[in-house]
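What follows is a short report on a single structure.
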Amino acid sequence: MSNTYPMEDLVSLCKRRGFIFPASELYGGINGFWDYGPLGTELKNNLRDAWWHDMVHCPPIGPDGDPLSIVGIDSSIIQNPKVWEASGHVGGFNDPMVDCRETKSRYRADHLFVIGNASGEGQLYAFVEDDEESYERASKLLAKYEKVDALDESYVTTSLIQLQPDDFARVVGPDTKEAGTLTEPRQFSLMFDTTVGATGGDDNKAYLRPETAQGIFLNFMNVVDTSRVKVPFGIAQVGKAFRNEVTPRNFIFRSREFEQMEIEWFCHEEDAPKWYEFWCDVRKEWWQSLGLTTGNLQMRQHDSDELAHYAKEGCGTFDIEYQFPFTAPGFGELEGVAHRGNYDLSRHGEFSGKKVNYFDQEKNERFVPHVIEPSAGLSRGTLALLSEAYTPDDRPSKVFMKFNPRIAPIKAAVFPLVNKNGMPEVAKNLYDDLRTKHVVQYDVKQSIGKRYARMDEAGTPFCFVIDGDTLDDNTITVRDRDTASQERINIDQAAAYLDEKLST
RNA sequence: GCGGGUGUAGCUCAAUUGGUAGAGCGUCAGCCUUCCAAGCUGAAUGUCGAGGGUUCGAACCCCUUCACCCGCUCCA
């Protein structure tokens, strides 16, 4: 079923029921940050734990019939700043950029020059460095504007970045006719700065990691040396990452602080396409196993022009995309499976001057492994689960959350049908028993209908009810969240019933 | 970053268009209740997003700012 309800309805429910709140709401919020409430935290932790279980503790069966070998790490959010130079994050994305409001083009400020009257008056015409055509165009327009046949020494070329802020109103962009459409140069560093040490200063500048992946590459040799792993193998990590997004948008989909679940799968170059294909399949099936339906998931290969700097030399990137309510009928990225080649390990070897490679004893071969990276968004995954679960209905609550029982924040509720006649005591006993193994809730307040409704919005798959018959024959009812239908089971079977339902 | 919209109780919204805020639902308490937000009674909750201005007086008009939504842009 596609998600066609308004996003606001889901956001409203998340607030109302304690899944997700705006961060710093008391102070008016802060753009791009969100807090997880009691139910949201359970949901996110369940997703994280399911991933860790299925990828690290009990990893998929490989093409040869044996389980894969994957180990976990937990690296620091702040690393030596040189890490981000080696990874390409500092160099490639720190340039001042200039936007054209008219044509929406974006230029690197240091690539733009302007030509104009040396008197400092009149319009300035911008052109792209080393672009003959662009220069010709600017020259012609300037000549026309100045009403001269040819440009002489009274017209000079200067770098755009040397202009004063006031000058930009006089600048005509490389592909516009109006002046003043170019913005002032802006830094587009998407990495968060921070300062290490109490004294501060530029020398102590560091960054909050923009991806968890680098922590894995940094520890590649440590893991190889200490964990008895052999290529091919994987290293997994879950953790926060930070990006100064230009436009945080769409609830927790694009936030400035978010969580990733990443695997770097290290293999021999000649096996890389095989593993790439393998991981695309495995990861898509995994999301499906959590209840994301086929129609809301799609695989999309990146075009060559949108590949990340690290993926250029590999065989590409596949996005696993989900149809969120705010993207429908389009899709938004949930996970990227990238072939990173051996870019990262090579770069760290180069920049550190240390040995970063692998020796295969059987083949007597030393090489830098290639990497397949299934990089999933934990925050985005949580949003996808919420989006998928949100189910408008004609029941009194008008909506219920159809979570897969495995990731549901609350697994079951225990109610006495009425708060008397010995029922509360029996219900309480059952609750005390179940709570030692599962997240369950006990509720005696108000009518049974309201209690069902509360659990529907929390997405609790099962409600156990102690009624009059329980006192006679030890049976209770189990009410199914999705169908509202009931069945009777023996009270002694409740725990086993839950175990069975949660394991499928 | 640009353009448009919105902001009032936990949620959804109202306030006769300048006279210092209400409803429904939810929540809580009590009664009642033998299966789906039932019924009865009662209660708590808002510096009307924030700051400034105009005015005798502002939720309402003006300015600034913040947040959220939509469309562009961006998304290593």
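Residue numbers start from 1 in every chain, and the chains themselves are labelled A, B, ... in the order their sequence lines are given, proteins ahead of strands. Fair warning: this is a prediction, and the values are worked out from it, not measured in the lab.
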task = Test for a donor-acceptor pair under 3.5 Å between the base of B:C69 and the side chain of A:Glu8, counting only N and O atoms.
result = no

query = For B:U12, does OP1 or OP2 lie under 4.0 Å from any side-chain N or O of A:Lys15?
reply = no

ask   = Taking CZ from A:Phe253 and P from B:C74, how many angstroms apart are they, rounded to a whole number?
value = 15 Å

query = Should the heavy atoms of other residues, nucleotides or ligands under 6.0 Å from CZ of A:Arg435 be counted, would the total exceed 12?
reply = no

message = Does a side-chain N or O of A:Asn244 approach OP1 or OP2 of B:C74 to a distance below 4.0 Å, or not?
response = no

request  = Would you kindly check whether a donor in the side chain of A:Arg17 faces an acceptor in the base of B:G26, or vice versa, at under 3.5 angstrom?
outcome  = no

task = Figure out the CZ/C1' separation between A:Arg454 and B:C25, and round it to whole Å.
result = 13 Å

Lys/Arg cation over aromatic A:Phe127: A:Arg137, 6.0 Å, 45° cone = no

ask   = Which part of the nucleic acid does A:Phe251 contact within heavy-atom distance under 4.0 Å: base, sugar-phosphate only, or nothing?
value = sugar-phosphate

ask   = For A:Arg249 and B:U73, is the shortest distance between a side-chain N/O and OP1 or OP2 below 4.0 Å?
value = no

ask   = Any side-chain donor-acceptor pair under 3.5 Å between A:Gln214 and A:Trp84?
value = no

note = Applying the 3.5 Å cut-off to both distances, the Watson-Crick or G-U partner of B:A37 turns out to be none

message = For a quick test of reading the model: is some side-chain N or O of A:Ser447 closer than 4.0 Å to OP1 or OP2 of B:C35?
response = no

request  = Establish, from distance only, whether the side-chain atoms of A:Gln237 and A:Ser75 form a donor-acceptor pair under 3.5 Å.
outcome  = yes

remark   = Residue pair A:Trp34/A:Val399 against RNA chain B: nearer the 5' end by closest nucleotide is A:Val399

inquiry  = Given the structure, check if the side chain of A:Glu457 and the base of B:A37 hold any donor-acceptor pair shorter than 3.5 Å.
reply    = yes

G-U wobble or Watson-Crick pairing nucleotide for B:A23 (cut-off 3.5 Å, both distances) = B:U12

Per A:His89 side chain, nearest of listed nucleotides B:C70, B:A76, B:U33 = B:A76

inquiry  = Quick check: any donor-acceptor pair below 3.5 Å linking the side-chain of A:Arg479 to the base of B:C36?
reply    = yes

message = Closest-nucleotide mapping onto RNA chain B: is A:Glu245 or A:Asn421 further toward the 5' terminus? I mean the 5' end.
response = A:Asn421

message = Whether A:Asn31 contacts B:C66 is assessed here as follows: a side-chain N or O lying under 4.0 Å from the phosphate OP1 or OP2. Is that the case?
response = no

inquiry  = Quick check for you: among B:C36, B:A76, B:G1, whose closest atom lies nearest to any side-chain atom of A:Leu190?
reply    = B:A76

query = Over how many whole Å does the gap from A:Asp443 atom CG to B:C36 atom C1' extend?
reply = 14 Å

request  = Write down the partner of B:A44 under the Watson-Crick or G-U wobble criteria, each distance required to be under 3.5 Å.
outcome  = none

remark   = Scanning all shown strands, the Watson-Crick or wobble mate of B:C32 with both distances under 3.5 Å is none

ask   = Which of the following nucleotides, B:A76, B:U34, B:A37, is nearest to the side chain of A:Arg243?
value = B:A76

note = Nearest heavy-atom approach of A:Leu498 to A:Ala412 is CD1-CB, 3.9 Å

inquiry  = Can you see whether A:Tyr497 engages A:Glu487 through a side-chain donor-acceptor pair at a distance of less than 3.5 angstrom?
reply    = yes

ask   = According to a strict under-4.0 Å criterion, is A:Lys420 in side-chain N/O contact with OP1 or OP2 of B:U33?
value = yes

ask   = For the pair made of CG in A:Asp319 and C1' in B:A76, what is the distance, rounded to whole Å?
value = 13 Å

Distance-only donor-acceptor test, A:Tyr452 side-chain atoms vs B:C35 base atoms, 3.5 Å = yes

ask   = For B:A67, what is the paired nucleotide under Watson-Crick or G-U wobble rules, both distances under 3.5 Å?
value = B:U6

ask   = What about A:Thr477, does its side chain sit under 3.5 Å from the base of B:C35 through a donor-acceptor pair?
value = yes

remark   = Side-chain contact check for A:Ile448: nearest option of B:A76, B:U33, B:C35 is B:C35

Residue A:Met423, side-chain heavy atoms: nucleotide from B:U34, B:A37, B:A29 that is nearest = B:U34

key: A:Trp34/A:Phe21 aromatic ring centres below 6.0 Å   = no

inquiry  = By nearest atom, which of the nucleotides B:U34, B:A76, B:C70 is closest to the A:Met191 side chain?
reply    = B:A76

remark   = Any strand, both distances under 3.5 Å, Watson-Crick or G-U wobble: B:C72 pairs with B:G1

query = In the structure shown, which nucleotide is the Watson-Crick or G-U wobble counterpart of B:A59, with both distances under 3.5 Å?
reply = none

remark   = Separation of B:C36 atom P from A:Leu417 atom CG, nearest Å, is 9 Å

query = B:C35 P sits how many Å from A:Gln446 CD, rounded?
reply = 17 Å

